[in-house]
2 protein chains.
Amino acid sequence: MKGIADVARLAGVSKSTASRALTGTGYVSDETRLRVATAARSVGYVPSASAVSLASGRTSTVGVIMPGVTGWFFAEVLEGIQESLLEAGLDLALYDARVGTRGRDRIFDDFLARQRFDGLIAVGIDPEDRELERIYALNRPVVSIASGGFPDDIAIDDVDVARRATEHLIGLGHHHILFLGGGDGGRWSHVERHRFEGYQATMDAAGARAEHAQCGESLPAGYAAAADLLSDLRTRPTGIVAVSDEVAIGAIIAARRLGIGVPHDLSVIGVDDHEYAEMFSLTTLAQDPRAQGALAVEVLLERLADPDAPVPVVAPQARLIVRNSTAAPAG
Amino acid sequence: MKGIADVARLAGVSKSTASRALTGTGYVSDETRLRVATAARSVGYVPSASAVSLASGRTSTVGVIMPGVTGWFFAEVLEGIQESLLEAGLDLALYDARVGTRGRDRIFDDFLARQRFDGLIAVGIDPEDRELERIYALNRPVVSIASGGFPDDIAIDDVDVARRATEHLIGLGHHHILFLGGGDGGRWSHVERHRFEGYQATMDAAGARAEHAQCGESLPAGYAAAADLLSDLRTRPTGIVAVSDEVAIGAIIAARRLGIGVPHDLSVIGVDDHEYAEMFSLTTLAQDPRAQGALAVEVLLERLADPDAPVPVVAPQARLIVRNSTAAPAG
DNA sequence: CTGAAAGCGCTTACAG
DNA sequence: CTGAAAGCGCTTACAG
């Protein structure tokens, strides 16, 4: 392990000058800078991360907290974040705070307090009050994606998205439209809640009756819930607004199993533009979670550079992609 | 920010004693230990991670390097690792080294060298020679899961797993069995290669002709490849050994679309026991990636505690789960 | 069992 | 533009 002292000696300068040359901070003559850089390269100098952190107060790492990495949205966001971070030369500390786990409590009680990061990106964590307090107590820049409780949240307008999805079905002539998603185990995430509200308001405005079937946030959950509600011919809707593409695709698979044609007998619309959306011809409101992750990094870096300058967040837009899972109702 | 000096002062001891009491290292009287602990709690003492690292040489973080977090296997492994790490009080530094990205090169060239971790877990990275060298140059404990190139890899026996899958179909009376997976874009991962070998050897032994269709490692890829190869009646196999459940499920969906009954007209067997396996009644060889992640952490911690004691790795076992995607061939 | 002192490897005012 | 010195906040021999 060669240290900065070795570099300095080799370049014939002091450690201070070597440090300034290497970090690009403070005045150094071009000639000296070059000599130091050459020396650093020739000894294979890699600064000690802990020494840099201790002396400078900066960790060069960003913390990411999310409730699991298993869902499509979270995995995509995480990759988007990671990609931008690698580009910026920053490390990523992952905190997987799945709801209801002991690990989540430990993260909020112990891990965050260690402050092994300069800033934090919170994704879809729907924090409880005490969790939010823990985060603010860090007194570090925080950027949130699709999370309740934070200002300037990076997220598509979930109310509007559900409104557009519902209007799409109404525009096709549907009246009996059901909202599938949310309320699983009595819990609603912020995202689920907002999407349901958008659906409900649109149905109200159209003079149609809102109807809800609860459902977990996964493809098998959508499958199970849809299999259930579609099996009764009398109560079967002609259209489903699904809280997400995973749920929508589960519903499509269930419908096919029951011999219910999509879109002939049943229209299904989702939100996301999931990796599988195309192969299921799913009409959906596309969002780009990877880009949201990249945006979060960008905003965080600006806040890190200047904590006082308010960085305005441009809200990501959802885009309607009409495929072949929606059509006018039969008859 | 209260430091250890504050704790020491409050407890009426020296910093050295406070440190020993807090870290549990070296002799301290029980009474002193208690007083220090109380003092630490009362001031809300949290040790500075960088100071601890610099002084002790330990980072209390584990690096995890994997080619993306998007696949089922990787996401599950990652959650298994994270859970165990949280339990052990260790941080997780994630390095997402997707094949062919600039990020991957930066990880191997720059990020790893910073050594911001005490040990590394490599998951499914199929390292090139120079990448492997970079890792060994770190001179830190490394544990690998489902990766080529490392000794003591934690993985199910992929050759054997494919053998068992193939024998399952042969035992049901199938002769025309195709292997779906691997070779996408000319690339074979170690896992794909091994599974194909197990399939091939079993077919050879049974005097049947091995047949391969290349396919990427995802559900839509399995769907597309299967849609292709199943559409020609004359060449259609009666059984498919899929490289993974995602590919197998894609194939099942494709078969259904084409009106090919599973398992009546086509048997499909996978490997994994994916989250969706049950809803597709998929016969598969189950593995538990979450447990593999936990095992990797366990092994790594032992190696960290005593780098010389060779820690034997108990290979995870795959378990055949017969569901309803496989049956005797029709006719 | 405890404390004084050195040291981990950098960065950062400060003086020149 | 450069260097000497202090300091970041701990841990760890070492002496007692």
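Quick note on labels: first sequence line is chain A, next is B, and so on, each numbered from 1.
- Looking at Asp6(A), its side chain does come within 3.5 Å of a backbone N or O of Gly3(A) through a donor-acceptor pair.
- Using a 4.0 Å cut-off between a side-chain N of Lys or Arg and a carboxylate O of Asp or Glu, Arg303(B) and Asp152(B) qualify as a salt bridge.
- Contacts of Ser53(A) with the nucleic acid, taken as non-hydrogen atoms under 4.0 Å apart, are absent.
- Comparing Lys2(A) and Val13(B) against DNA chain C, the residue whose closest nucleotide sits nearer the 5' end is Val13(B).
- Between the side chains of Thr59(B) and Asp118(B), at least one donor N or O sits under 3.5 Å from an acceptor N or O.
- In the set dC10(D), dG9(C), dT12(D), the nucleotide with an atom closest to the side chain of Ala51(B) is dC10(D).
- Considering only side-chain N and O atoms, Thr32(A) lies nowhere under 4.0 angstrom from the phosphate OP1 or OP2 of dC1(D).
- OP1 or OP2 of dT12(D) has at least one side-chain nitrogen or oxygen of Arg58(B) nearer than 4.0 Å.
- Contact annotation: Ser48(B) side-chain N/O to dG9(D) OP1/OP2 distance is not under 4.0 Å.
- Between Asp30(B) atom CG and dC1(C) atom P there is a gap of 8 Å when expressed in whole angstrom units.
- Here the nucleotide nearest the side chain of Lys15(A), chosen from dT12(C), dT11(C), dG3(C), is dT11(C).
- Taking atom CG on Leu54(A) and atom P on dT11(D), their separation rounds to 12 Å, with Å as the unit.
- Across the protein-nucleic acid pair, Arg33(A) atom CZ and dC1(D) atom P stand 9 Å apart, rounded to whole Å.
- Residue contacts shown for Ser16(B) include a base, since a base heavy atom lies under 4.0 Å away.
- Side-chain atoms of Arg20(A) lie closest to dG3(D) of the nucleotides dT2(C), dT11(C), dG3(D).
- Proximity of Thr17(A) to the phosphate of dG3(D): a side-chain N or O atom is located under 4.0 Å from OP1 or OP2.
- One interatomic measurement links the two molecules: OH of Tyr27(A) to C1' of dG3(D), which rounds to 18 Å at whole-angstrom precision.
- Of all nucleotides present, none satisfies the Watson-Crick or G-U wobble test against dA13(D) with each distance under 3.5 Å.
- Under 4.0 angstrom from either OP1 or OP2 of dC10(D) there lies at least one side-chain N or O belonging to Tyr45(B).
- Using a cutoff of 4.0 Å between basic side-chain nitrogens and carboxylate oxygens, Glu192(B) and Arg187(B) are not scored as salt-bridged.
- Using a 4.0 Å heavy-atom distance criterion, Ser50(B) is classed as making no nucleic acid contact.
- Asp109(A) pairs with exactly one of Arg114(A), Arg130(A), Arg104(A) by the salt bridge (Lys or Arg N to Asp or Glu O under 4.0 Å) rule, that one being Arg130(A).
- Listed by chain and residue number, nothing satisfies the side chain to side chain donor-acceptor pair (under 3.5 Å) test with Arg193(B) (two or more places apart in sequence, or in another chain).
- Between the C1' atom of dT2(D) and the CZ atom of Arg35(A) lies a distance of 11 Å, rounded to the nearest Å.
- Here dC8(D) is the nucleotide among dC8(D), dC8(C), dT12(D) with the atom lying nearest to any side-chain atom of Ala55(A).
- Atom CD1 of Ile4(B) is separated from atom P of dT12(D) by 11 Å (rounded to the nearest Å).
- OP1 or OP2 of dT12(C) has not a single side-chain nitrogen or oxygen of Ser19(A) nearer than 4.0 Å.
- Atoms CZ (Arg114(A)) and P (dC10(D)) sit 14 Å apart, rounded to a whole Å.
- In this structure, dA4(D) forms no base pair with any nucleotide, since neither Watson-Crick nor G-U wobble geometry is met with both distances under 3.5 Å.
- Rounded to an integer number of Å, the gap from CG of Leu22(A) to P of dC10(C) is 9 Å.
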